[in-house]
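Here is the structure we will look at.
Quick note: residue numbers are just sequence positions, from 1. Because the structure is a prediction, the values reported are computed rather than measured.
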Amino acid sequence: MFETGLPVALLRAREAVMFHMRPILRAHGFTEQQWRVMRKLHPSVPIDKTTLSSRATLLMPSLLRILRDLEEMELIRLVSSARNPRLSRVILSAKGAAAVARTSADIERAMKAVRTRIGEASVAQLLELLQTVESRLTGFSLP
């Protein structure tokens, strides 16, 4: 019974979608996790690492490793915080912004095909259900 439970069904659905995205990410030189970080960044608005970790759904140790790699690839820059010079914020470099634009165009084309295959109404319903699951379980603890 556990094999057909909610966690496994969610993972299988994610894998079905990501099967079509991974080749695109690989062709552009990104891992899934790197892409999750890159698409949350903006070329002119720095973001703190804690917020970025949350938005990219990555644990901080993983995010820090990914940021180091992206900085070595010159796709991001670290900038000092105006309030606390010891803290740094993350921003896309010009090279990173161009890479996001190129990759996003290809990802969007693939997502359009996926949405068409699933059906726009089904996608909208699924997104609504997933938001319901997240909102009802966030902060909830079992008795």
| query | Hey, mind stepping through Glu15 and Arg22 against salt bridge (Lys or Arg N to Asp or Glu O under 4.0 Å) and telling me if it holds? | reply | CA-CA 10 Å; Glu15 288 303 308; Arg22 282 188 193 104; 2.7 Å; yes
| task | Any chance you could lay out the side chain to side chain contact (heavy atoms under 4.5 Å, CB included) test for Leu67 and Val90, step after step, and finish with the verdict? | result | CA-CA 8 Å; Leu67 291 177; Val90 185; 3.9 Å; yes
| query | Does the side chain to side chain contact (heavy atoms under 4.5 Å, CB included) test come out yes or no for Ile91 and Leu41, once each step is laid out? | reply | CA-CA 6 Å; Ile91 193 167; Leu41 295 173; over 6 Å; no
| When you look at Leu63 and Gln33, which way does the side chain to side chain contact (heavy atoms under 4.5 Å, CB included) test go after all the steps? | CA-CA 8 Å; Leu63 175 66; Gln33 295 80 10; over 6 Å; no
| task | Would you please test Glu120 and Arg115 for salt bridge (Lys or Arg N to Asp or Glu O under 4.0 Å) and show each step? | result | CA-CA 6 Å; Glu120 288 295 334; Arg115 291 173 79 93; 3.2 Å; yes
| message | Please determine whether side chain to side chain contact (heavy atoms under 4.5 Å, CB included) holds for the pair Val8 and Arg12, giving the CA-CA distance in whole Å, both sets of side-chain angles, and the decisive distance to 0.1 Å. | response | CA-CA 6 Å; Val8 172; Arg12 286 183 177 158; 3.6 Å; yes
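Proximity of Leu92 to His42: side-chain heavy atoms (C-beta onward) are nowhere separated by under 4.5 Å. Under the 4.5 Å side-chain criterion, counting only non-hydrogen atoms from C-beta, His28 is not in contact with Ile107. Contact annotation: the side chain of Val114 approaches that of Met21 to within less than 4.5 Å [non-hydrogen atoms, C-beta and beyond]. Within the 4.5 Å cutoff, the side chain of Leu129 has no heavy atoms near those of the Val133 side chain. Residues Phe30 and Leu75 have side chains in contact (heavy-atom distance under 4.5 Å, counting atoms from C-beta outward). Between Ile66 and Thr31 the shortest side-chain heavy-atom distance does not fall below 4.5 Å. Counting heavy atoms from C-beta on, the side chains of Phe140 and Ser135 never come closer than 4.5 Å.
In the hydrophobic cluster analysis, where Ile, Leu, Val, Met, Phe, Trp and Tyr join through side-chain heavy atoms closer than 4.5 angstrom, Val123 is grouped together with Met18. By the rule that hydrophobic residues join a cluster once side-chain heavy atoms approach within less than 4.5 Å of another member, Ile76 and Leu64 end up as members of one cluster. Cluster annotation: Ile118 is not connected to Leu126 through the hydrophobic network of ILVMFWY side chains, with a link wherever side-chain heavy atoms come within less than 4.5 Å. Under the 4.5 Å side-chain heavy-atom criterion for grouping Ile, Leu, Val, Met, Phe, Trp and Tyr, Leu6 is connected to Leu130 within one hydrophobic cluster. In the hydrophobic clustering of this structure, Ile47 groups with Leu78; members are Ile, Leu, Val, Met, Phe, Trp, Tyr whose side-chain heavy atoms approach within less than 4.5 Å, directly or through other members.
Here the CE atom belonging to Met38 is positioned 10.5 Å from the CG atom belonging to Leu52, to the nearest 0.5 angstrom. Note that CD of Glu108 is 10.5 Å distant from CD1 of Ile24, once rounded to the nearest 0.5 Å. Atoms OG1 and CZ, on Thr50 and Arg89 in that order, are 10.0 Å from each other to the nearest 0.5 Å. Here OG of Ser80 is found 9.0 Å from CG of Leu87. Values are rounded to the nearest 0.5 Å. Within the model, atoms CE of Met111 and OG of Ser104 stand 12.5 Å from one another, a figure rounded to the nearest 0.5 Å. The OG atom of Ser53 sits 12.5 Å away from the NZ atom of Lys40 when rounded to the nearest 0.5 Å.
Among residues two or more places apart in sequence or in another chain, the side-chain hydrogen bond (donor to acceptor under 3.5 Å, both in side chains) test is passed with Arg14 by Glu32.
Counting non-hydrogen atoms of other residues, nucleotides and ligands closer than 6.0 Å to CG of Leu127 gives a total above 12.
No hydrogens or angles considered: a donor-acceptor pair under 3.5 Å links the side chains of Ser88 and Lys49. Looking only at atom types and distance, the side chain of Asp106 has no donor-acceptor partner in the side chain of Thr103 under 3.5 Å away.
Panel note: side chain Arg36, backbone Thr57; a donor-acceptor pair is recorded below 3.5 Å. Gln131 places no side-chain N or O within donor-acceptor distance of the main-chain N or O of Glu128, the cut-off being under 3.5 Å.
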